[in-house]
There are 2 protein chains.
Amino acid sequence: MSEIAAIRPDHKYAEVADRIETLIEKKVFKVGDKLLSVRALSKEQGISLSTAFQAYYVLEAKGLIEARPQSGYYVKYSPEHMLDMPHVCEPLDDALPVSVDDMINSVYVDLNARNLLNFSMAAPSMELLPTAKLNKAVQHALRESKTSCLHYEHIQGNVELRKQIARQAFNWGGTPSEDDIVVTAGAVEALSLCIKAITKPGDAVAIESPTYFAIFQVMESHGLKVVEIPTDPVFGLDLDYLEQAIPRFDIKACLFVNNFNNPLGSCMPDERKKKLVDMLAKKDIPLIEDDIYGELYFGKTRPKTCKTFDKKGLVLHCASFSKSLAPGYRIGWTIPGKFKSQVIRLKRMHTVSTNTLAQAAVADFLSKGRFELHLRHLRKALHTQSLRYLQAVSEYFPEDTRVTRPQGGFTLWIEMNKKINAYKLHKRALKHNIGIAPGQIFSSQGRFENCFRISYGEPWSEKIEHGIKTLGNLVRDFRP
Amino acid sequence: MSEIAAIRPDHKYAEVADRIETLIEKKVFKVGDKLLSVRALSKEQGISLSTAFQAYYVLEAKGLIEARPQSGYYVKYSPEHMLDMPHVCEPLDDALPVSVDDMINSVYVDLNARNLLNFSMAAPSMELLPTAKLNKAVQHALRESKTSCLHYEHIQGNVELRKQIARQAFNWGGTPSEDDIVVTAGAVEALSLCIKAITKPGDAVAIESPTYFAIFQVMESHGLKVVEIPTDPVFGLDLDYLEQAIPRFDIKACLFVNNFNNPLGSCMPDERKKKLVDMLAKKDIPLIEDDIYGELYFGKTRPKTCKTFDKKGLVLHCASFSKSLAPGYRIGWTIPGKFKSQVIRLKRMHTVSTNTLAQAAVADFLSKGRFELHLRHLRKALHTQSLRYLQAVSEYFPEDTRVTRPQGGFTLWIEMNKKINAYKLHKRALKHNIGIAPGQIFSSQGRFENCFRISYGEPWSEKIEHGIKTLGNLVRDFRP
């Protein structure tokens with residue numbers, strides 16, 4: 001049965017995971033049951049702690065069990081209640097320029113124009129953000145600054161903020177100093193500057209498929225071609241395919257969202273990240289990693305990043321506070337490795353420096369230790385929301401629907417019957433005042449016609465349940 | 001004697017201006033004397049009001065007289081006390097890629113590294129900014145926003161801010177609506193997005209010479225070639241030369257700072273702006289105008305902009321609050337005419353949206369009518385400072401020095417004896433803890449070797465007088 005076993009048949013953990021899965025299927029372990037602790041499992045099965053942990057990791061990734069912080073692992077769903085996972089896409093035969101821009105514009109113009117139940121924004125609900133404490137941080141930043149933050153900030157960014165970002169990097173095994181970090185106007189500016197720093201027009205860049213449309217839009221704006229790498233809803237991108245694609249398409253750079261790929265919510269296991277970094281290092285190919293969702297994990301620990309394994313300075317790590325703290329502040333950053341001086345130069349040419357007050361406020365918030373506390377609440381809320389949304393999709397959508405089990409982040413990826421066109425579904429949903437992001441805009445070539453993405457950033461409510469039910473009915477009754 | 005007469009020998013105003021200049025030379029009118037009002041001059045000389053005004057405009061532009069708000073025109077300096085104006089540069093024979101990047105980096109790296117008397121930043125002193133009122137605007141913006149400004153702002157920008165910017169445009173004869181405006185992260189982002197919207201790599205773009213180095217750095221980053229158009233310290237760029245250069249170099253776009261060119265402080269007279277816009281309209285060539293200094297005029301009225309005369313939507317007007325209100329807020333904008341949709345698309349691809357809180361705070365400040373009041377104070381302060389600095393340069397520099405009479409903005413442009421290398425002077429000045437901007441960085445080809453720029457953004461003080469004296473001595477004692 002298990003894809004995981006197929007990939008690593010020689011691993012003990014897959015065998016243990018398989019056995020537990022069978023017990024869940026047979027209802028020996030029921031929904032809500034607490035499982036053995038990792039330590040107890042290790043003892044009982046005579047396996048190492050790390051093997052026990054990996055077995056649970058696999059089951060968690062498949063959405064069968066869940067880790068509850070400070071508590072342990074619990075059975076989440078019995079498989080027969082759950083929809084299947086979406087398919088991995090077939091690779092394409094060419095490196096291609098981007099072509100779905102018009103569709104993206106039409107989706108987001110439509111959405112801005114109405115006041116609707118918006119499942120199409122992969123961002124946290126304002127209710128989940130620490131508004132009052134951030135306002136205090138703004139006051140504090142104004143008081144502490146001799147110029148009330150009216151001066152131009154250093155091109156590289158507020159030094160205290162960079163120190164805090166460096167400290168935060170400890171969680172994923174990073175060891176940057178403040179001098180390695182460049183603050184940007186959100187992660188999108190970080191990505192744009194990094195791409196510009198390492199490519200020239202006409203180059204081919206590898207991206208995941210599906211991937212967030214802003215990623216190939218920024219590619220397009222730099223005159224690049226993209227090679228879409230098939231990406232698994234659990235394990236992330238297909239490394240074997242990537243390895244073959246590099247010489248075949250003369251790939252000059254990569255841009256991946258390994259932690260909670262948007263839209264899939266997949267998380268590349270850390271040992272595969274290491275393998276990816278090592279493979280690219282051998283070929284001297286730079287890798288931009290977009291880690292904006294990295295802190296929003298539902299598992300036990302912060303997943304590592306590719307930067308964690310970067311020895312040659314070839315990884316350009318990009319992230320922001322937009323998904324975790326303050327979207328409107330527009331504060332992101334990059335740790336661009338050996339491309340630092342190029343990135344700083346481009347930053348000066350394109351926006352000079354980032355908003356002084358917002359940087360000082362975030363620095364103040366972080367330095368008081370408030371970010372960790374807030375993240376703990378946010379992760380828990382998002383995890384709960386992901387489960388409620390997932391349950392509702394399972395309940396209200398036809399049986400042939402497939403849906404991801406996100407391991408972090410904001411989004412569910414829903415694969416419908418092949419006959420259903422998601423862009424048409426989006427148009428119909430809009431008439432019911434519901435916004436979704438059709439699958440076509442997650443591929444540079446308009447693939448994923450029968451898929452769409454919804455965000456579970458909004459806390460669960462009757463209105464949302466009603467919206468998902470309506471979507472389910474639209475899918476059920478779909479006539480082309 | 002007058003250059004102006006040479007340019008428009010047939011104009012009555014030049015003849016009147018000439019006669020007044022002679023009277024100033026002969027000390028009939030002495031420094032500090034009040035001149036006739038425009039109305040009285042018109043009556044006395046039997047000329048139209050507009051001719052009388054133009055005569056004073058010419059004299060003002062030459063630094064011979066000054067307009068004092070609500071008072072009238074006064075004799076400023078007698079020519080024999082004053083250093084000459086700098087020369088206009090010779091045109092170059094080629095459209096060329098940019099080559100002085102290393103020098104720019106070295107100048108600004110050096111400056112960031114020390115705590116020095118910094119004449120090299122063309123920005124207002126913090127003392128001149130309305131700190132307390134802006135802080136109140138921040139508080140108000142936080143209170144009024146349902147999300148405490150944590151939400152993503154509209155890609156095009158805060159709608160109230162855009163309304164206020166549209167209202168402000170009335171002063172230069174603009175009639176944009178809020179829908180014509182795109183808010184950006186400072187004017188530099190506006191310029192970068194506009195250049196990207198209207199050019200492709202390899203295109204030739206016309207710029208002034210000398211011009212602010214960030215302008216050709218941004219050209220370089222977009223893979224463009226630049227054609228430097230000789231620019232007069234009073235009247236701005238040479239329109240005849242531009243007209244010939246367009247077919248010769250296959251110029252695809254222009255980027256000019258017509259109001260108070262940085263470094264010259266020149267202001268293209270409004271009728272010449274109209275001529276420029278008409279000429280480019282005939283050839284269908286887009287013009288980016290960087291109007292960041294437009295509000296900082298020392299004369300009687302706000303100079304018009306090229307956008308004022310734009311009928312075909314070919315002018316992309318760019319400006320910001322960085323030079324007039326709040327550098328660290330990073331709020332600029334563009335009115336990109338018929339290129340609006342491309343600019344919005346690029347904005348979304350590169351920084352998504354601009355800081356929400358800073359936009360709301362500036363909107364609040366403007367909507368309370370505080371900007372006009374602040375600008376009146378700021379203009380007066382800068383005008384006074386410009387005169388004090390100018391006087392000190394005249395006093396402490398050798399007689400063969402030439403210096404501009406800025407009509408607005410922040411900078412004096414000083415031309416030294418041809419034997420003196422400004423980059424070397426900059427290195428020597430640094431040893432005395434004085435920062436200047438050497439002329440070489442104001443040309444893509446390292447021209448203006450014997451020129452440098454100083455900013456008079458800092459209020460006059462003994463320390464500054466001492467600094468200018470030290471610079472004068474360094475110039476006087478210069479040995480290559």
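Chain letters run A, B, ... following the sequence lines, proteins first and then strands; every chain starts at 1. This is a predicted model, so every value here is computed, not measured.
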For [X], which atoms come within 4.5 Å of any heavy atom of chain A: side chain, backbone, both, or neither?
{"X": "B:Ala132", "value": "neither"}
{"X": "B:Gln359", "value": "neither"}
{"X": "B:Arg348", "value": "both"}
{"X": "B:Ala326", "value": "both"}
{"X": "B:Leu134", "value": "side chain"}
{"X": "B:Lys196", "value": "side chain"}

(message) With a 4.5 angstrom heavy-atom cut-off, is it the side chain or the backbone of A:Ala123 that approaches chain B, or both, or neither?
(response) side chain
(request) Check whether A:Gln139 gets within reach of chain B through its side chain, its backbone, both or neither, counting any heavy atom under 4.5 Å. (result) side chain
(request) Decide side-chain contact (heavy atoms from CB on, under 4.5 Å) for B:Val138 and A:Val138; before the verdict, give the C-alpha distance in whole Å, the side-chain angles of both, and the deciding distance to 0.1 Å. (result) CA-CA 9 Å; B:Val138 169; A:Val138 169; 4.1 Å; yes
(request) Specify the closest pair of heavy atoms between A:Met349 and B:Gln217, including all atoms of both residues, with the distance to one decimal. (result) SD-O, 3.3 Å
(message) Can you confirm if the aromatic rings of B:His350 and A:His222 lie within a centre distance of less than 6.0 Å?
(response) yes
(request) Would you mind telling me which of A:Val218, A:Leu193, A:Thr354, A:Thr351 has the largest number of heavy-atom pairs within less than 4.5 Å of chain B? (result) A:Thr351
(request) Tell me, out of A:Val352, A:Thr184, A:Leu346, who's got the most heavy-atom pairs with chain B below 4.5 Å. (result) A:Val352
(message) Let's go through A:Thr131 and B:Leu150 carefully: what are the C-alpha distance in whole Å and the side-chain angles of both, what is the deciding distance for side-chain contact (heavy atoms from CB on, under 4.5 Å) to 0.1 Å, and is it a yes or a no?
(response) CA-CA 8 Å; A:Thr131 314; B:Leu150 291 182; 4.0 Å; yes
(message) Is any side-chain heavy atom of A:Tyr152 closer than 4.5 Å to one of B:Ser322?
(response) yes
(message) Looking at B:Thr356, is its backbone amide N or carbonyl O close enough to the side chain of A:Arg330 to form a donor-acceptor pair, meaning the two atoms are under 3.5 Å apart?
(response) no
(request) Rounded to the nearest 0.5 Å, what's the gap from CG on A:Asn135 to CZ on B:Arg143? Could you check? (result) 11.0 Å
(request) Measure the spacing between CG of A:Asn355 and CG of B:Leu357 and express it to the nearest 0.5 Å. (result) 7.5 Å
(message) Test side-chain contact (heavy atoms from CB on, under 4.5 Å) on A:Met126 and B:Lys146; report intermediate values, then the result.
(response) CA-CA 9 Å; A:Met126 291 300 136; B:Lys146 267 188 234 165; over 6 Å; no
